[in-house]
There are 2 protein chains.
Amino acid sequence: MRDSEQTRHKILEVSADEIHKKGFTATSLSCILARCEISKGALYHHFANKMELGYVVFEEVYAPAFIALWQPTVEAEDPIEGLCEFFSEMSNTMSCDELVCGCPLNNLCQEMSGVDEGFRIRILAMQQQLNLLISTNLARVSQQLQPDLDFSQVAYFIVSTFHGSSSLSKSSLNKELFDKVIKELCRYIRQLKR
Amino acid sequence: MRDSEQTRHKILEVSADEIHKKGFTATSLSCILARCEISKGALYHHFANKMELGYVVFEEVYAPAFIALWQPTVEAEDPIEGLCEFFSEMSNTMSCDELVCGCPLNNLCQEMSGVDEGFRIRILAMQQQLNLLISTNLARVSQQLQPDLDFSQVAYFIVSTFHGSSSLSKSSLNKELFDKVIKELCRYIRQLKR
DNA sequence: ATTCTAACCGACCGTTTGGTCGGTTGCAAA
DNA sequence: TTTGCAACCGACCAAACGGTCGGTTAGAAT
């Protein structure tokens, strides 16, 4: 057979990139087909419709990448320094073009949460999973931190700020504002230590 | 004559609401026309095209409302408490439906910054104006605050977190997560005092 | 009463979109 | 060698989009 799995993988890969750059709605199937060099029939053989394609991209591309990005960060011996290094490195290594694309999770949250329930529940589940990941690892070193901290609250706060700064840099087209927010975020995170 | 100014105003009002709820691209002219009970000819008599309509909505509706919202908050005698009360009140008074719509500025920033230069520069200008508003008012009471604070950095941080929390609540459909982030944000802001 | 024009109407247009479907092709099993 | 079917093709479709334009109407100015 022609390699079915490879075709499917290529579609997911290209779709993930297009959705990241243009958003879900603005991503056209014809553009995906052109980049994959396949026909519309091929795509609809593998996916029921555009929405389902979006779900699979989220589940099989974005979600694993997202966890793979945050998990090592926060499971480091010192999660406080892990987070700070994570954000700082992001500030240093990301190109301006990458930065402007924003975080796929935040982008989809903004665009699709209010439009499609299927996306909404998947995004919410991801947010909660990430929150659990961060808050449990903060709790792990709670004896080094300030007393009376609400770890879940702190975790949502950190992620919100990060997503907000991603959004901010979309309008500035440079890393300056992103860097500023990240610097202050690191200052805040380190303040959590007693 | 039929009241030209009233027609124009109605178009802007309805468009602002539609764009706030659905985003710029997803807002269809036909929907605006239906709600205004006017024809396509009437709309194109007042505005050159959809993009220009969007610009005018931003400049004549969103921008003034945005400044009117933040200015009193931060020009209060104690801007620290002003900000905290502002956020807390938002947490308390906003309905869930309103919350889910998010901040018009942040929404447009996410959707349009990367797509249209005209939107991008307007949004950026607004971000900078807001930053100046907050940072100068923090500087005004700098003797009450921690030493060595970068006020611009702090201001961008606060707005980023606020926008991030707006985004977050889109996926949760309730105020719980928004409240959590806002509570932590107030804790952070009050910590700025020495 | 006539004229002039801003204000408005709505049929029409080209383009793009997601989606359908009858047909073709390649490969593996029988 | 034949058969069967997953994999793929691409012409076609209806709907929706932003935008155009020749025509109509209301009302102020002369």
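Lettering follows sequence order; numbering is per chain, from 1. Just so we're clear, the structure is a prediction, and the values are computed from it rather than from any experiment.
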Given atom [atom1] of [X] and atom [atom2] of [N], what is their separation to the nearest angstrom?
| X | N | atom1 | atom2 | result |
| --- | --- | --- | --- | --- |
| A:K50 | C:dT16 | NZ | C1' | 12 Å |
| B:K40 | C:dC8 | NZ | P | 17 Å |
| B:Q6 | C:dA7 | CD | C1' | 13 Å |
| B:D3 | D:dA28 | CG | P | 12 Å |
| B:I32 | C:dG10 | CD1 | P | 18 Å |
| A:Y44 | D:dA11 | OH | P | 17 Å |
| A:L33 | D:dC8 | CG | C1' | 12 Å |
| B:L29 | C:dG10 | CG | P | 16 Å |

side-chain N/O [X] vs [N] OP1/OP2, d < 4.0 Å:
| X | N | value |
| --- | --- | --- |
| A:S28 | C:dT17 | yes |
| B:H46 | C:dA6 | no |
| B:H45 | C:dC8 | no |
| B:S30 | D:dC17 | yes |
| A:T7 | D:dA7 | no |

*Do the side chains of A:L185 and A:L83 get nearer than 4.5 Å, heavy atoms only?*
no
*Would you check if B:S142 and B:F151 make a side-chain contact, meaning some heavy-atom pair closer than 4.5 Å?*
yes
*asked:* From C-beta outward on A:S4, which listed nucleotide comes closest to its side chain: C:dG19, D:dA7, C:dC9?
replied: D:dA7
*Determine, for A:F24 and A:K50, whether the Lys NZ or Arg CZ falls below 6.0 Å from the six-membered ring centre while staying within 45 degrees of the axis.*
yes
_Return the CG to CE distance between A:D179 and A:M94, rounded to the nearest 0.5 Å._
11.5 Å
*Is a side-chain donor or acceptor of B:D116 paired with a backbone partner of B:M112 at a separation under 3.5 angstrom?*
no
*Just checking B:I38: base, sugar-phosphate only, or nothing, at a heavy-atom cut-off of under 4.0 Å?*
sugar-phosphate
